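For reference, the structure discussed in these notes is given below.
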Amino acid sequence: MKAETQTSKVTIRRGSGPDAGLLAELGARTFSETFAADNTLENMQKYLAASFNLEQQVAELAEPSSVFLIAEIEGVAVGYAKLSGGEALLEVKGDKPIELVRLYVSQEWLGRGVGEALMRACMDEARTAGYQTLWLGVWEHNNRARAFYRKWEFKEVGHHIFQLGEDRQTDTLMRREVY
């Protein structure tokens, strides 16, 4: 899967076991770039330590219902997405749901087509696997991401709590049909 950006070609590939270290580093870095300015250092450290350690990434890559898609430019990972099949939260209505658990792009590549390439790849992956509903949770204060998802025709369908360290935050649940 390839997509043209304004400056470079984005290549999307599936992640696998040997990518655990890459995803631990890329995940922690892009999550920090996105949320560190709006959260305490302590809460960020707790969340990053729990969510992006090597063992956690090995376990997530081994989950049969999960798919990681890694965006690369000239062989360098610049973003990634994680999809996970299974039951959706009650607020999310739709047949055969799959969750877009994460979609993050390195700060220096924001606005240059990487997110769009990842989203296209996520939609293709969901469609090919027979899913009919794509859903996600996005922090209520992450206006850039919420606008991005609205552009991709996601609609708000509810809210749920996201635990960031000791901080209970509200995520907006969004969904769309896969076609």
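Not measured: the values here are computed from a predicted model. Excluded from the calculations below are hydrogen atoms, water molecules and symmetry mates; all remaining heavy atoms, backbone and side chain alike, are included.
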Response to the item:
Rounding to 0.5 Å, atoms CG (L118) and CD1 (I12) come to a distance of 4.0 Å

Worksheet item: Is T133 reaching over with its side chain to a backbone N or O of D95, donor-acceptor style, under 3.5 angstrom?
Response: yes

Worksheet item: At their closest point, which heavy atom of S32 faces which heavy atom of L48, and how far apart are they?
Response: OG-CD1, 3.2 Å

Worksheet item: Sequence neighbours excluded, which residues qualify as side chain to side chain contact (heavy atoms under 4.5 Å, CB included) partners of E33?
Response: R29, T30, S106, Q107, E108

Worksheet item: Roughly how far, to the nearest 0.5 Å, is CH2 of W139 from CG of D38?
Response: 4.5 Å

Discussion item. Which residues end up grouped with L90 if you chain together Ile, Leu, Val, Met, Phe, Trp and Tyr wherever their side-chain heavy atoms are less than 4.5 Å apart?
Written reply: none

Discussion item. Can you tell me how far apart CG (L136) and CZ (R176) are? Round to the nearest 0.5 Å.
Written reply: 11.0 Å

If you look only at distance, which donor and acceptor atoms sit under 3.5 Å apart when one is on a side chain in residues 153-167 and the other is two or more places apart or in another chain?
| unit_1 | atom_1 | unit_2 | atom_2 | d |
| --- | --- | --- | --- | --- |
| E153 | OE1 | Y179 | OH | 2.3 |
| E156 | OE2 | R146 | NH2 | 2.6 |
| Q163 | NE2 | G165 | O | 3.1 |
| E166 | OE2 | K46 | NZ | 2.5 |
| D167 | OD2 | Q169 | NE2 | 3.0 |

Worksheet item: How close do G115 and F148 get, heavy atom to heavy atom, and via which atoms?
Response: O-CZ, 3.5 Å

Fill in: Within one Ile-Leu-Val-Met-Phe-Trp-Tyr cluster: V101 and V138, side-chain cutoff 4.5 Å
no

Practice prompt. Give me the ring orientation class for Y80 and Y104: parallel if the planes are under 30° apart, tilted from 30 to 60°, perpendicular past 60°.
Written response: tilted

Discussion item. The criterion is salt bridge (charged side-chain N to carboxylate O under 4.0 Å, His left out); which residues satisfy it with K151, sequence neighbours excluded?
Written reply: E116

Item to complete: Would you kindly confirm whether F31 and L61 end up in one hydrophobic cluster when ILVMFWY residues are joined by side chain heavy atoms under 4.5 Å apart?
Response: yes

Worksheet entry | Any side-chain heavy-atom pair of Y131 and E125 under 4.5 Å | no

Practice prompt. Taking all non-hydrogen atoms of both residues into account, name the closest pair between I70 and A77 and its distance.
Written response: CG2-CB, 4.0 Å

Worksheet item: Are the aromatic rings of F35 and Y47 close, with centres under 6.0 Å apart?
Response: no

Worksheet item: So if you build clusters from Ile, Leu, Val, Met, Phe, Trp, Tyr with side-chain heavy-atom gaps below 4.5 Å, do M44 and L23 land together?
Response: yes

Worksheet item: Looking at OG of S66 and CZ of R102, how far apart are the two atoms once the value is rounded to the nearest 0.5 Å?
Response: 9.0 Å

Worksheet item: With sequence neighbours excluded, what pairs up with T40 under the side chain to side chain contact (heavy atoms under 4.5 Å, CB included) test?
Response: E42, N43

Worksheet item: Looking only at heavy atoms, which two atoms of R14 and L69 are closest? And how far apart?
Response: CG-CD2, 4.0 Å

Discussion item. Taking side chain to side chain contact (heavy atoms under 4.5 Å, CB included) as the definition, give me every residue that meets it alongside R144, ordered by chain and number, with sequence neighbours left out.
Written reply: L110, N142

Discussion item. Does E99 form a side chain to side chain contact (heavy atoms under 4.5 Å, CB included) with L83? I'd like the steps, not just the answer.
Written reply: CA-CA 6 Å; E99 180 182 7; L83 294 165; over 6 Å; no

Worksheet item: Honestly curious: do L103 and F68 fall in one hydrophobic cluster under the side-chain, below-4.5 Å linking rule?
Response: no

Practice prompt. Say whether, by atom type as modelled, one donor and one acceptor occur between the side chain of E60 and the main chain of V67 under 3.5 angstrom.
Written response: no

Discussion item. Looking at N53 and Q56, would you say the former's side chain and the latter's main chain have a donor-acceptor pair under 3.5 Å?
Written reply: yes

Item to complete: Give the cluster check for I73 versus L26: same hydrophobic cluster or not, with ILVMFWY residues linked at side-chain heavy-atom distances below 4.5 Å.
Response: no

Discussion item. Nearest 0.5 Å, please: how far is CG in L134 from CG in L100?
Written reply: 5.5 Å

Worksheet entry | Spatial distance of atom CG (D171) from atom CD (E140) [nearest 0.5 Å] | 8.0 Å

